[in-house]
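Working notes for the structure below.
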Amino acid sequence: MVESLYGVKEETKNILVYIEHFGEEIESVSLEMLSKGRELADQVGWELVGLLLGRDVGKYLDVVFAHGADKVILVEHRLLDHFTVDAYSHAVFQVLESHLPSIFLLGATANGRDLAGRLAVRLKTGLNADCTDLRIEPDNGVLVCEVSGFGSGVLALIDIPNHRPQMATVRPGVFSIVEPAGVKLGDVVDFEVKLSRDIIRTRIVKQVLGKQVNLTNVPILIAGGRGVSGDFILLKKLAELLGGEVGATRPPVDEGYIERERQIGQTGIVCSPKIAICCGISGAFHFVIGIEKADIVVSINSDPDAPIFEFSDYCIIGDVETILPAILDELIEFKEVIHG
Ligand SMILES: Cc1cc2nc3c(=O)[nH]c(=O)nc-3n(C[C@H](O)[C@H](O)[C@H](O)COP(=O)(O)OP(=O)(O)OC[C@H]3O[C@@H](n4cnc5c(N)ncnc54)[C@H](O)[C@@H]3O)c2cc1C
């Protein structure tokens, strides 16, 4: 067995969380992992440490501490101004080599995934990607990661008993953010990294923000599946009337009827809306994982035996092409009565 750069004997009993930021804000997934990390650290009596890299990132310290960190490792460098996987993996590697955390958690964002894979290879350790839950065995400090996978309805529990750090990525929306109870302070460790321009093989020429939609925290989700036959017009009207957003299962995304960023499920977004309205969706495990945190699920399906009904609070058996116009008519009428 290949040995990791450091092992169980050298580890320090702490959970390190990579704090990702963009623009003026910390990514919500980092706050979600701090909240989960706090819960885990309290269970085993370990320290929760935030890892903050960039340029002028000290401004985020208060938020990181308020969300549960006991300590923050602060890495400031002019070459960390924008994320490049070369500079960031070199910098984080130096931090890990020096601080030897037992557990290292990152958000399963585009950059987080890129970084996690490279670091796991350099550290010769294991990485559990896209975990849906995490717990620590109190007796031996082993992180047990719940991962759905193997292309079917299997939930696997995977651990990394002998290699360190125990790395895991978690997608946005899987854990809830525990809102800060008040001001909290902790230790700040300024860590100096050695970086030079020649290790960075990419050059940021310009940053252009696309028109993005983030379904993670939408209050109302109107999701369409293969049963809507590629026609999302009625779903968009319903979303507009209710103040929600449209999402989809994988088939309409793969067939190009709707943007990939709107895909819900295991390989899409995990969301936690107050209401999810599922139209023409069978209820495959891969999709359901993306809406199982919804407070209320309403499903419309022409097949009375569709598995989605098992996960639904309200089941409407019928053709979406008949049911959706009827709902829209009722809503429009209702709004007219309310607003005169
Ligand atoms: C590794 C892996 C990862 C995956 N990740 C995802 C993922 O992230 N998200 C995801 O969604 N899928 C994912 N899938 C695919 C997933 O397994 C299912 O194939 C997919 O969710 C099915 O989508 P669907 O319900 O739209 O289509 P179908 O299963 O074809 O269901 C269509 C439903 O529409 C109903 N219907 C048809 N016509 C009408 C009508 N006129 N009115 C009302 N109802 C109607 C039918 O009765 C049926 O129940 C993944 C698969 C794999 C192997």
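No experiment lies behind these values; they were computed from the predicted model shown. Order of appearance sets the numbers: ligands from 1, and atoms from 1 within every ligand.
- A donor atom on one side chain and an acceptor atom on the other are found under 3.5 Å apart for Q166 and S102.
- Contacts with ligand 1 closer than 4.0 Å are made by no heavy atom of E321, backbone or side chain.
- There is no side-chain donor-acceptor pair under 3.5 Å between T109 and E27.
- Taking a cut-off of under 4.0 Å to the non-hydrogen atoms of Q263, the atoms of ligand 1 that pass are 6 (C), 7 (C), 8 (O), 9 (N).
- Shown in contact with Q266 at under 4.0 Å from a heavy atom are these atoms of ligand 1, numbered in order with element: 3 (C), 7 (C), 8 (O).
- Salt bridge status for R260 with D254: present, with a side-chain N to carboxylate O gap under 4.0 Å.
- Ligand 1 has a nitrogen or oxygen under 3.5 angstrom from a nitrogen or oxygen of V320.
- S229 and D231 form no side-chain donor-acceptor contact under 3.5 Å, judged by distance and modelled atom types alone.
- Between the side chains of T216 and N214, at least one donor-acceptor pair of N or O atoms lies under 3.5 Å.
- Counting only non-hydrogen atoms, the option in I316, T322, L324, T267 that gets closest to atom 8 (O) of ligand 1 is T267.
- Contact atoms of ligand 1 toward G268: 8 (O) (distance under 4.0 Å to a heavy atom of the residue).
- When heavy-atom distances to ligand 1 are checked against a 4.0 Å cut-off, I264 comes that close only through its backbone atoms N, CA, C and O.
- Proximity of P251 to ligand 1, defined as any heavy-atom pair under 4.0 Å, is confined to the side chain (atoms from C-beta onward).
- Counting only residues at least two apart or on different chains, no salt bridge (charged side-chain N to carboxylate O under 4.0 Å, His left out) pair has a member in residues 101-110.
- Between D187 and K71 there is no salt bridge, since none of the side-chain N atoms of the basic residue sits less than 4.0 Å from a carboxylate O of the acidic one.
- Only the side chain of A284 comes within 4.0 Å of ligand 1, counting heavy atoms alone; its backbone N, CA, C and O stay farther away.
- For ligand 1, the atoms lying closer than 4.0 Å to a non-hydrogen atom of G318 are 42 (N), 43 (C).
- Ion pair E76/R78 not flagged as a salt bridge, since none of the NZ, NE, NH1 or NH2 atoms sits closer than 4.0 Å to an Asp/Glu carboxylate oxygen.
- Close contacts of ligand 1 with D319, meaning ligand atoms under 4.0 Å from a residue heavy atom, involve 40 (C), 41 (N), 42 (N).
- Residue contacts with ligand 1: G280 is placed with a nitrogen or oxygen under 3.5 Å of a nitrogen or oxygen of the ligand (distance criterion only).
- Selection from D303, N301, D254 by nearest heavy atom to atom 46 (C) of ligand 1 gives N301.
- For ligand 1, the atoms closer than 4.0 angstrom to any heavy atom of G225 are 26 (O).
- A side-chain donor from one of E146 and T132 sits under 3.5 Å from a side-chain acceptor of the other.
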